[in-house]
Amino acid sequence: MSERERTPVTVLGLGRMGTAIAAAFVAAGHPTTVWNRTAARADALVAQGAVRARTVAEAMAAGPLVVAPLLDARSVQEAVGPAASALRGRTLVNLANCTPAQARELAAWAAGHGAAYLDGAMMALPSTVATEEGFFLYSGSRRAFDTYLPELEVMAPAHYFGTDPGAAEVHDLAVLGTGYAALTGFLHSAALLARAGTPPETLAPLAARWLTGMAAFLPELAREAGAGAYAGGVSTVDLNRAAVHALVALSEENGVPPDVHGPLKALLDRRAAEGFGEDSFSSVFELLRPRDAREP
Ligand SMILES: NC(=O)c1ccc[n+]([C@@H]2O[C@H](COP(=O)([O-])OP(=O)(O)OC[C@H]3O[C@@H](n4cnc5c(N)ncnc54)[C@H](OP(=O)(O)O)[C@@H]3O)[C@@H](O)[C@H]2O)c1
(Lines give C-alpha, C1' and ligand atoms only; values in the text may rest on other atoms or scores of the structure.)
Protein backbone atom coordinates (compact mmCIF):
# COMPACT_ATOMS: atom_id res chain seq x y z
CA MET A 1 0.00 0.00 0.00
CA SER A 2 1.41 3.42 -0.89
CA GLU A 3 1.63 6.14 1.71
CA ARG A 4 -1.26 7.93 0.03
CA GLU A 5 -3.53 4.92 0.60
CA ARG A 6 -2.63 4.48 4.23
CA THR A 7 -5.15 5.69 6.80
CA PRO A 8 -4.31 9.12 8.18
CA VAL A 9 -3.72 8.87 11.91
CA THR A 10 -3.90 11.57 14.56
CA VAL A 11 -1.85 11.21 17.73
CA LEU A 12 -2.85 13.39 20.70
CA GLY A 13 -0.16 13.49 23.39
CA LEU A 14 3.55 13.20 22.73
CA GLY A 15 4.89 12.01 26.05
CA ARG A 16 7.16 8.98 26.19
CA MET A 17 4.55 6.59 24.81
CA GLY A 18 2.96 9.07 22.42
CA THR A 19 6.29 9.97 20.83
CA ALA A 20 7.11 6.30 20.25
CA ILE A 21 3.61 5.67 18.85
CA ALA A 22 3.68 8.66 16.49
CA ALA A 23 7.17 7.65 15.29
CA ALA A 24 5.85 4.14 14.58
CA PHE A 25 3.00 5.51 12.44
CA VAL A 26 5.38 7.78 10.53
CA ALA A 27 7.79 4.87 9.98
CA ALA A 28 4.91 2.69 8.74
CA GLY A 29 4.03 5.32 6.14
CA HIS A 30 0.82 6.68 7.67
CA PRO A 31 0.12 10.36 7.18
CA THR A 32 0.51 11.28 10.85
CA THR A 33 -0.82 14.45 12.46
CA VAL A 34 0.37 15.16 15.97
CA TRP A 35 -0.71 17.49 18.74
CA ASN A 36 0.83 18.02 22.14
CA ARG A 37 0.01 20.52 24.89
CA THR A 38 3.68 21.48 24.95
CA ALA A 39 4.09 22.05 21.24
CA ALA A 40 7.92 21.79 21.13
CA ARG A 41 7.73 18.06 21.90
CA ALA A 42 6.54 17.56 18.31
CA ASP A 43 9.72 19.03 16.77
CA ALA A 44 11.61 15.75 16.25
CA LEU A 45 8.51 14.03 14.86
CA VAL A 46 7.90 16.85 12.41
CA ALA A 47 11.49 16.41 11.24
CA GLN A 48 10.65 12.73 10.66
CA GLY A 49 7.60 13.60 8.55
CA ALA A 50 4.69 14.12 10.97
CA VAL A 51 2.40 17.13 10.58
CA ARG A 52 2.03 19.39 13.60
CA ALA A 53 -1.51 20.54 14.41
CA ARG A 54 -1.88 23.79 16.32
CA THR A 55 -5.10 22.71 18.01
CA VAL A 56 -6.79 19.46 18.99
CA ALA A 57 -9.68 20.28 16.63
CA GLU A 58 -7.25 20.74 13.73
CA ALA A 59 -5.54 17.46 14.64
CA MET A 60 -8.82 15.53 14.73
CA ALA A 61 -9.93 17.02 11.41
CA ALA A 62 -6.93 15.35 9.73
CA GLY A 63 -8.32 11.81 9.69
CA PRO A 64 -10.80 9.26 11.01
CA LEU A 65 -8.56 7.61 13.59
CA VAL A 66 -7.55 9.53 16.72
CA VAL A 67 -5.10 7.81 19.05
CA ALA A 68 -4.68 9.44 22.47
CA PRO A 69 -1.77 8.21 24.63
CA LEU A 70 -2.31 11.03 27.16
CA LEU A 71 -1.54 10.84 30.87
CA ASP A 72 -4.89 9.88 32.39
CA ALA A 73 -8.66 10.17 31.97
CA ARG A 74 -8.61 13.76 33.17
CA SER A 75 -6.03 14.81 30.59
CA VAL A 76 -8.17 13.24 27.84
CA GLN A 77 -11.17 15.27 29.03
CA GLU A 78 -9.08 18.44 29.33
CA ALA A 79 -7.43 18.03 25.92
CA VAL A 80 -10.32 16.72 23.85
CA GLY A 81 -13.24 18.28 25.78
CA PRO A 82 -12.98 21.81 24.32
CA ALA A 83 -12.80 20.31 20.79
CA ALA A 84 -15.47 17.65 21.37
CA SER A 85 -17.57 18.74 18.38
CA ALA A 86 -14.65 17.66 16.11
CA LEU A 87 -15.07 14.09 17.42
CA ARG A 88 -18.15 13.43 15.27
CA GLY A 89 -17.51 10.55 12.89
CA ARG A 90 -14.09 9.84 14.40
CA THR A 91 -12.84 6.80 16.27
CA LEU A 92 -11.19 7.78 19.54
CA VAL A 93 -8.65 5.27 20.84
CA ASN A 94 -7.96 6.23 24.43
CA LEU A 95 -4.61 4.79 25.49
CA ALA A 96 -4.31 6.71 28.77
CA ASN A 97 -4.21 4.63 31.91
CA CYS A 98 -7.76 4.73 33.38
CA THR A 99 -9.93 2.84 35.80
CA PRO A 100 -12.60 0.63 34.19
CA ALA A 101 -15.25 3.13 35.37
CA GLN A 102 -13.39 6.06 33.79
CA ALA A 103 -13.11 4.12 30.52
CA ARG A 104 -16.89 3.55 30.53
CA GLU A 105 -17.48 7.25 31.25
CA LEU A 106 -15.20 8.32 28.40
CA ALA A 107 -16.93 5.87 26.04
CA ALA A 108 -20.34 7.32 26.90
CA TRP A 109 -18.98 10.84 26.54
CA ALA A 110 -17.44 10.04 23.13
CA ALA A 111 -20.70 8.38 21.98
CA GLY A 112 -22.54 11.53 23.03
CA HIS A 113 -20.34 13.44 20.58
CA GLY A 114 -20.86 10.98 17.73
CA ALA A 115 -17.53 9.16 18.03
CA ALA A 116 -16.76 5.45 18.20
CA TYR A 117 -14.62 4.57 21.21
CA LEU A 118 -11.94 2.03 21.85
CA ASP A 119 -10.20 1.80 25.18
CA GLY A 120 -6.64 0.55 25.06
CA ALA A 121 -4.22 -0.60 27.75
CA MET A 122 -0.59 -0.57 26.71
CA MET A 123 1.38 -3.56 27.96
CA ALA A 124 4.59 -2.04 26.64
CA LEU A 125 7.39 0.40 27.29
CA PRO A 126 8.31 3.23 24.92
CA SER A 127 11.15 1.02 23.67
CA THR A 128 8.85 -1.95 22.95
CA VAL A 129 6.22 0.00 20.96
CA ALA A 130 6.09 -1.44 17.43
CA THR A 131 7.93 -4.59 18.48
CA GLU A 132 6.61 -8.10 19.15
CA GLU A 133 7.59 -7.67 22.81
CA GLY A 134 4.86 -5.15 23.62
CA PHE A 135 1.13 -5.81 23.28
CA PHE A 136 -1.97 -3.69 23.70
CA LEU A 137 -5.36 -4.75 25.11
CA TYR A 138 -8.57 -3.22 23.72
CA SER A 139 -12.28 -3.11 24.45
CA GLY A 140 -15.20 -1.03 23.27
CA SER A 141 -16.47 -0.77 19.71
CA ARG A 142 -15.98 -4.12 17.93
CA ARG A 143 -16.50 -2.44 14.59
CA ALA A 144 -13.79 0.12 15.31
CA PHE A 145 -11.39 -2.63 16.40
CA ASP A 146 -12.03 -4.67 13.25
CA THR A 147 -11.87 -1.64 10.97
CA TYR A 148 -8.61 -0.31 12.35
CA LEU A 149 -6.82 -3.50 13.34
CA PRO A 150 -4.01 -2.96 10.79
CA GLU A 151 -3.41 0.53 12.18
CA LEU A 152 -3.61 -0.65 15.80
CA GLU A 153 -1.06 -3.33 15.04
CA VAL A 154 1.41 -0.70 13.87
CA MET A 155 1.71 0.16 17.58
CA ALA A 156 1.73 -3.38 18.98
CA PRO A 157 0.01 -6.76 18.60
CA ALA A 158 -3.63 -6.07 19.52
CA HIS A 159 -5.99 -8.18 21.69
CA TYR A 160 -9.71 -7.48 21.97
CA PHE A 161 -11.75 -8.18 25.14
CA GLY A 162 -15.32 -7.26 24.23
CA THR A 163 -17.67 -4.36 23.95
CA ASP A 164 -17.56 -3.28 27.61
CA PRO A 165 -15.22 -0.26 27.38
CA GLY A 166 -13.85 -1.08 30.86
CA ALA A 167 -12.80 -4.62 29.95
CA ALA A 168 -9.35 -3.73 28.60
CA GLU A 169 -8.52 -1.93 31.86
CA VAL A 170 -9.79 -4.91 33.92
CA HIS A 171 -7.56 -7.26 31.93
CA ASP A 172 -4.67 -4.81 32.19
CA LEU A 173 -4.99 -4.86 35.99
CA ALA A 174 -5.23 -8.66 35.99
CA VAL A 175 -1.99 -8.97 34.02
CA LEU A 176 -0.29 -6.32 36.16
CA GLY A 177 -1.47 -8.13 39.30
CA THR A 178 0.27 -11.29 38.17
CA GLY A 179 3.49 -9.39 37.62
CA TYR A 180 3.30 -7.40 40.85
CA ALA A 181 3.06 -10.58 42.91
CA ALA A 182 6.24 -11.91 41.28
CA LEU A 183 8.12 -8.60 41.55
CA THR A 184 7.17 -8.15 45.21
CA GLY A 185 8.31 -11.71 45.87
CA PHE A 186 11.63 -10.78 44.30
CA LEU A 187 12.03 -7.73 46.57
CA HIS A 188 11.16 -9.85 49.61
CA SER A 189 13.77 -12.42 48.64
CA ALA A 190 16.33 -9.70 47.97
CA ALA A 191 15.76 -8.41 51.52
CA LEU A 192 16.15 -11.94 52.89
CA LEU A 193 19.39 -12.53 51.00
CA ALA A 194 20.72 -9.13 52.05
CA ARG A 195 20.81 -10.54 55.61
CA ALA A 196 23.24 -13.16 54.31
CA GLY A 197 25.31 -10.50 52.53
CA THR A 198 24.13 -11.48 49.04
CA PRO A 199 23.33 -8.47 46.82
CA PRO A 200 20.08 -8.29 44.80
CA GLU A 201 22.17 -8.45 41.61
CA THR A 202 23.08 -12.05 42.43
CA LEU A 203 19.45 -13.02 42.89
CA ALA A 204 18.19 -11.34 39.70
CA PRO A 205 19.47 -13.85 37.09
CA LEU A 206 18.48 -16.84 39.26
CA ALA A 207 14.99 -15.43 39.82
CA ALA A 208 14.60 -14.58 36.12
CA ARG A 209 15.49 -18.14 35.20
CA TRP A 210 13.02 -19.53 37.73
CA LEU A 211 10.25 -17.18 36.55
CA THR A 212 10.73 -18.38 32.98
CA GLY A 213 9.98 -21.90 34.19
CA MET A 214 7.02 -20.61 36.22
CA ALA A 215 5.62 -18.90 33.12
CA ALA A 216 5.63 -22.24 31.32
CA PHE A 217 3.54 -23.61 34.22
CA LEU A 218 0.73 -21.06 33.67
CA PRO A 219 -1.22 -23.00 30.99
CA GLU A 220 -1.47 -26.00 33.34
CA LEU A 221 -2.70 -23.80 36.21
CA ALA A 222 -5.21 -22.22 33.83
CA ARG A 223 -6.45 -25.59 32.59
CA GLU A 224 -6.94 -26.93 36.12
CA ALA A 225 -8.58 -23.76 37.47
CA GLY A 226 -10.78 -23.45 34.36
CA ALA A 227 -12.02 -27.03 34.69
CA GLY A 228 -12.14 -27.05 38.49
CA ALA A 229 -10.20 -30.35 38.29
CA TYR A 230 -7.23 -30.53 40.64
CA ALA A 231 -6.38 -34.21 41.01
CA GLY A 232 -3.09 -35.67 39.79
CA GLY A 233 -1.15 -32.42 39.55
CA VAL A 234 2.61 -32.65 40.06
CA SER A 235 2.71 -29.76 42.52
CA THR A 236 0.31 -30.31 45.41
CA VAL A 237 -1.05 -28.03 48.12
CA ASP A 238 0.88 -29.99 50.78
CA LEU A 239 4.17 -29.77 48.91
CA ASN A 240 3.87 -26.02 48.38
CA ARG A 241 2.53 -25.49 51.89
CA ALA A 242 5.73 -26.95 53.32
CA ALA A 243 7.84 -24.65 51.13
CA VAL A 244 5.82 -21.54 52.01
CA HIS A 245 5.91 -22.39 55.73
CA ALA A 246 9.70 -22.70 55.47
CA LEU A 247 9.93 -19.37 53.65
CA VAL A 248 7.78 -17.56 56.21
CA ALA A 249 9.74 -19.12 59.09
CA LEU A 250 13.07 -18.10 57.54
CA SER A 251 11.75 -14.57 56.98
CA GLU A 252 10.65 -14.27 60.61
CA GLU A 253 13.97 -15.65 61.90
CA ASN A 254 15.75 -12.99 59.88
CA GLY A 255 13.48 -10.11 60.83
CA VAL A 256 12.01 -9.77 57.32
CA PRO A 257 8.26 -9.08 57.50
CA PRO A 258 6.46 -12.10 56.02
CA ASP A 259 3.83 -9.80 54.51
CA VAL A 260 4.28 -11.01 50.94
CA HIS A 261 3.83 -14.73 51.54
CA GLY A 262 1.65 -14.63 54.68
CA PRO A 263 -1.60 -14.49 52.67
CA LEU A 264 -0.52 -17.44 50.51
CA LYS A 265 0.38 -19.42 53.63
CA ALA A 266 -3.11 -18.76 55.01
CA LEU A 267 -4.74 -19.94 51.76
CA LEU A 268 -2.68 -23.14 51.62
CA ASP A 269 -3.38 -23.83 55.32
CA ARG A 270 -7.10 -23.47 54.62
CA ARG A 271 -7.01 -25.85 51.65
CA ALA A 272 -5.10 -28.42 53.72
CA ALA A 273 -7.46 -28.03 56.72
CA GLU A 274 -10.43 -28.60 54.40
CA GLY A 275 -8.90 -31.90 53.27
CA PHE A 276 -7.48 -30.84 49.89
CA GLY A 277 -3.76 -31.22 50.61
CA GLU A 278 -3.34 -33.73 47.76
CA ASP A 279 -4.97 -31.41 45.24
CA SER A 280 -2.89 -29.38 42.85
CA PHE A 281 -1.53 -25.99 43.96
CA SER A 282 -3.93 -24.42 41.47
CA SER A 283 -6.84 -25.45 43.73
CA VAL A 284 -6.17 -22.28 45.76
CA PHE A 285 -8.33 -20.78 43.01
CA GLU A 286 -11.32 -22.40 44.76
CA LEU A 287 -10.84 -20.01 47.69
CA LEU A 288 -10.64 -16.96 45.44
CA ARG A 289 -13.13 -17.52 42.63
CA PRO A 290 -16.63 -16.01 42.69
CA ARG A 291 -18.75 -18.39 44.77
CA ASP A 292 -21.62 -18.52 42.32
CA ALA A 293 -19.49 -19.33 39.25
CA ARG A 294 -19.57 -23.11 39.47
CA GLU A 295 -22.05 -23.93 42.21
CA PRO A 296 -24.45 -26.82 41.57
N1 LIG B 1 5.93 5.22 30.07
C2 LIG B 1 5.65 3.92 30.13
O3 LIG B 1 6.53 3.05 30.25
C4 LIG B 1 4.21 3.44 30.02
C5 LIG B 1 3.96 2.09 29.76
C6 LIG B 1 2.64 1.64 29.61
C7 LIG B 1 1.58 2.56 29.78
N8 LIG B 1 1.87 3.88 30.08
C9 LIG B 1 0.73 4.78 30.23
O10 LIG B 1 0.69 5.59 29.05
C11 LIG B 1 0.18 6.88 29.36
C12 LIG B 1 1.20 7.92 28.88
O13 LIG B 1 2.41 7.66 29.58
P14 LIG B 1 3.76 8.42 29.24
O15 LIG B 1 4.85 7.70 29.96
O16 LIG B 1 3.87 8.65 27.78
O17 LIG B 1 3.48 9.81 30.00
P18 LIG B 1 4.30 11.15 29.90
O19 LIG B 1 5.61 10.94 29.23
O20 LIG B 1 4.26 11.77 31.25
O21 LIG B 1 3.40 12.05 28.90
C22 LIG B 1 2.13 12.50 29.31
C23 LIG B 1 1.47 13.16 28.13
O24 LIG B 1 0.19 13.66 28.55
C25 LIG B 1 0.13 15.05 28.30
N26 LIG B 1 -0.74 15.66 29.29
C27 LIG B 1 -0.73 15.48 30.63
N28 LIG B 1 -1.72 16.19 31.21
C29 LIG B 1 -2.35 16.84 30.21
C30 LIG B 1 -3.45 17.73 30.15
N31 LIG B 1 -4.11 18.08 31.27
N32 LIG B 1 -3.84 18.21 28.95
C33 LIG B 1 -3.21 17.84 27.82
N34 LIG B 1 -2.14 17.01 27.80
C35 LIG B 1 -1.73 16.52 28.98
C36 LIG B 1 1.54 15.53 28.35
O37 LIG B 1 1.67 16.76 27.68
P38 LIG B 1 2.91 17.75 27.97
O39 LIG B 1 4.05 17.27 27.11
O40 LIG B 1 2.39 19.08 27.57
O41 LIG B 1 3.22 17.66 29.44
C42 LIG B 1 2.23 14.39 27.61
O43 LIG B 1 2.02 14.49 26.22
C44 LIG B 1 -0.06 6.91 30.86
O45 LIG B 1 -1.41 6.66 31.11
C46 LIG B 1 0.81 5.76 31.38
O47 LIG B 1 0.32 5.22 32.57
C48 LIG B 1 3.14 4.33 30.17
Side-chain angles (χ1 to χ4, degrees), residues 9-26 32-48 50-60 62 66-84 86-87 90 92-107 109-110 113 115 117-140 152-159 161 165-180 182-183:
V9 177
T10 293
V11 180
L12 303 179
L14 302 174
R16 286 162 291 192
M17 295 303 283
T19 297
I21 284 168
F25 281 121
V26 171
T32 305
T33 301
V34 294
W35 173 87
N36 194 55
R37 180 179 62 179
T38 308
R41 286 182 102 167
D43 290 352
L45 286 159
V46 170
Q48 290 166 40
V51 174
R52 186 196 328 253
R54 281 166 305 147
T55 64
V56 172
E58 185 185 313
M60 294 200 296
V66 179
V67 174
L70 288 156
L71 187 63
D72 52 17
R74 192 168 153 201
S75 63
V76 177
Q77 289 275 14
E78 284 182 9
V80 184
L87 270 175
R90 301 285 176 260
L92 176 64
V93 182
N94 168 36
L95 295 176
N97 210 5
C98 293
T99 66
Q102 287 171 332
R104 291 179 194 117
E105 266 174 43
L106 281 170
W109 174 78
H113 289 95
Y117 180 90
L118 267 179
D119 197 84
M122 302 186 284
M123 313 302 303
L125 301 170
S127 60
T128 60
V129 166
T131 72
E132 284 299 312
E133 219 176 298
F135 56 101
F136 288 8
L137 316 180
Y138 293 96
S139 61
L152 299 177
E153 294 220 305
V154 167
M155 298 184 278
H159 304 268
F161 291 93
E169 303 293 344
V170 171
H171 286 76
D172 173 53
L173 289 171
V175 176
L176 289 179
T178 304
Y180 280 135
L183 296 183

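In listed order, ligands and their atoms are each counted from 1.
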Next on the checklist: Whether the side chain of Ser139 engages the backbone of Pro165 through a donor-acceptor N/O pair (distance < 3.5 Å, no angle test) should be reported.
Outcome noted: yes

Item to check | Per-ligand residue contacts, ligand 1, heavy-atom threshold under 4.0 Å | outcome: Gly13, Leu14, Gly15, Arg16, Met17, Asn36, Arg37, Thr38, Arg41, Pro69, Leu70, Leu71, Ser75, Glu78, Ala79, Ala96, Asn97, Met122, Ala124, Leu125, Pro126

Checklist entry - Checking salt bridge (Lys or Arg N to Asp or Glu O under 4.0 Å) for the pair Asp43/Arg52: CA distance, chi angles, key distance, verdict? => result CA-CA 8 Å; Asp43 290 352; Arg52 186 196 328 253; 2.9 Å; yes

Checklist entry - Around atom CD of Glu133, are there more than 12 heavy atoms of other residues, nucleotides or ligands at under 6.0 Å? => result no

Checklist entry - Who are the ring pair (Phe, Tyr, Trp, His ring centres under 6.0 Å) partners of Phe25, not counting sequence neighbours? => result His30

Item to check | Modelled atom types, side-chain donor and acceptor of Asn94 and Tyr117, under 3.5 Å | outcome: yes

Checklist entry - Measuring from Thr19:OG1 to Asn36:CG, what's the distance to the nearest 0.5 Å? => result 7.0 Å

